[in-house]
Amino acid sequence: MDKILVTGGLGFIGSHTVVELQNEGYEVVVIDNLSNSSIEVLDGITAITGKTPTFEKLDLREKLSVEDFFKKHTNIKGVIHFAASKAVGESVNEPLLYYENNISTLVYILKELKKLPETSFIFSSSCTVYGQADELPITENAPVKQAESPYGNTKQIGEEIISDTCKVTPSLKAIALRYFNPVGSHESAKIGELPIGVPQNLVPFITQTAIGLREQLSVFGDDYPTPDGTCIRDYIHVVDLAKAHVIALGRLLKNKHKSNYETFNLGTGTGSSVLEVINSFEKVSGKKLNYKIVGRREGDVISAYADTTKANNELGWKAQLTLDDAMRSAWKWEQVVRSR
Ligand code: UD1
């Protein structure tokens, strides 16, 4: 079976994707620098799949190490590239760290892939490229808006770098997957989201509040022009998202793609408000969440949810799991992690 490199394969979405790749029989090599992940994630992957992926601790900013890696692993058929920094606030304070981590590394990998006779490349992009879209749900044709942060800019520039490279490199086949809001964890609770420090994202903040690590969740604004006044997002279960990566990779490996650079939205197609997410959590956990409404958070868009038609029709992929499933698994994971 084909050998696939997963960069950032011990991170949140990366680890779930490694599980799905191994379940489909792929041979997986993981690169991770462990800057925002832990080596124990390998044990979780092994416990779920019965197989341990090959692991190389490597920092992709080290160009020579990247070259050496590809000299050593000559038969890589595809790459799923997750390794990147993703904290919006941090990116504002440390733009060069973000451009180096997210852009230099991408260039180094693509330079190596250009040398191969044929290769398939999946890029972690984000719905952040659309900003506040003018029309909802958001299709892949919606214009890319001026980025609000260096983090968002790295996703836009990353897509452009890949698209430009594909134009002059017929041997390179690539798909950029634009994720909406990935949440939840594997149902086994052997892998999941492990934010370092205070979580910036809604769901880990909810579960950490419920378990007593945080005193109270702040709901950022209830005066938005939405039905209940809170912001709307498209929360997609990470297992559904991981499966989409395997399907997208298969599309390229089997030459089912329509052009050698494609983009797909990955969401459920349904928007949920912050209060709906809290309600879902309270329902599945049976716990009352301590939260209060505070002022708006700077940079938040009002509403974003995916038009999934292209992913449904072209990839043949559709999210199967619900928001309740995601909240149930996130809560189970939080309880397992804290009892370790
Ligand atoms: C954020 C980033 C986005 C990035 C994504 C990565 C911003 C503005 N956007 O998306 O670029 O791709 O994370 O995962 O940072 N909320 C609360 N209280 C909280 C936390 C969040 O009310 O403590 C609300 C937010 O206002 C938002 C929703 O929950 O309406 C989701 O927030 P979050 O999980 O941070 O995701 P995004 O902002 O959509």
Side-chain angles (χ1 to χ4, degrees), residues 8 11-14 16 36 82 84-93 98 102 123-133 136 138 144-156 158-159 176-185 193-210 213-238 241 265-268 271-281 289-306 323 326-327 330:
F12 173 42
I13 308 171
H16 287 82
N36 196 18
F82 293 104
S85 299
K86 63 162 196 126
V88 176
E90 183 186 51
S91 80
V92 174
N93 296 322
Y98 274 66
N102 297 6
F123 180 63
S124 287
S125 191
S126 167
C127 69
T128 196
V129 301
Y130 300 118
Q132 179 58 69
L136 293 168
I138 304 173
V144 168
K145 295 265 175 78
Q146 171 83 43
E148 292 265 355
S149 68
Y151 160 76
N153 211 19
T154 64
K155 293 300 173 191
Q156 296 189 4
E159 286 196 4
L177 296 175
R178 294 171 172 167
Y179 315 148
F180 281 68
N181 289 55
V183 292
S185 76
E193 189 170 11
L194 262 185
I196 289 177
V198 182
Q200 306 299 312
N201 295 115
L202 179 62
V203 172
F205 208 106
I206 288 177
T207 55
Q208 288 197 10
T209 305
L213 267 181
R214 312 281 154 211
E215 207 181 310
Q216 189 173 53
L217 169 78
S218 298
V219 173
F220 298 135
D222 70 347
D223 56 352
Y224 285 100
T226 62
D228 66 20
T230 63
C231 291
I232 291 178
R233 298 287 184 274
D234 186 338
Y235 296 92
I236 167 135
H237 198 298
V238 67
L241 194 67
N265 285 343
L266 295 183
T268 65
S272 304
S273 73
V274 178
L275 293 180
E276 284 171 333
V277 175
I278 294 172
N279 284 339
S280 166
F281 174 79
L289 190 75
N290 182 20
Y291 72 89
K292 80 162 185 246
I293 311 288
V294 302
R296 294 181 177 194
R297 178 172 75 176
E298 205 188 325
D300 267 339
V301 300
I302 303 164
S303 188
Y305 50 95
L323 179 62
M327 299 311 286

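Hydrogens, waters and symmetry mates play no part in the numbers below; they use all other heavy atoms, side chains included. We count ligands from 1, going down the list as the structure has it; atoms in each ligand are counted the same way.
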Worksheet entry | 4.5 Å side-chain heavy-atom contact, Leu213 and Thr207 |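 With C-beta onward as the side chain, the pair stays apart.
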Worksheet item: What distance separates Tyr179 OH from Ser124 OG, expressed to the nearest 0.5 Å?
Response: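 OG of Ser124 is found 3.0 Å from OH of Tyr179.
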Worksheet entry | Nearest-0.5 Å distance that lies between atom OG1 in Thr268 and atom CG in Asp234 |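 Spacing of OG1 (Thr268) from CG (Asp234) equals 3.5 Å.
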Worksheet item: Which pair of non-hydrogen atoms, one from Val129 and one from Arg178, has the smallest distance, and what is that distance?
Response: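 It is CG2-NE, 3.7 Å.
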In a table with atom names and distances, give each donor-acceptor pair under 3.5 Å that connects a side chain of residues 222-232 to protein atoms at least two apart or in another chain.
from, atom 1, to, atom 2, distance (Å)
Asp223, OD1, Arg296, NE, 3.0
Thr226, OG1, Gly229, N, 2.9
Thr226, OG1, Thr230, N, 3.1
Thr226, OG1, Thr230, O, 2.7
Asp228, OD1, Thr230, N, 2.9
Asp228, OD1, Thr230, OG1, 2.7
Asp228, OD2, Ser273, OG, 2.6
Thr230, OG1, Val274, N, 3.2
Thr230, OG1, Leu275, N, 3.4

Worksheet item: Using a 4.0 angstrom limit on heavy atoms, which residues are close to ligand 1?
Response: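 Heavy-atom contacts below 4.0 Å: Val88, Ser126, Thr128, Tyr151, Asn181, Gln200, Asn201, Leu202, Leu217, Ser218, Val219, Phe220, Cys231, Arg233, Tyr235, Val274, Arg297, Gly299, Asp300.
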Worksheet item: Does a donor on one side chain sit under 3.5 Å from an acceptor on the other, for Glu90 and Tyr98?
Response: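 Their side chains do contain a donor-acceptor pair, which is all the 3.5 Å distance test asks for.
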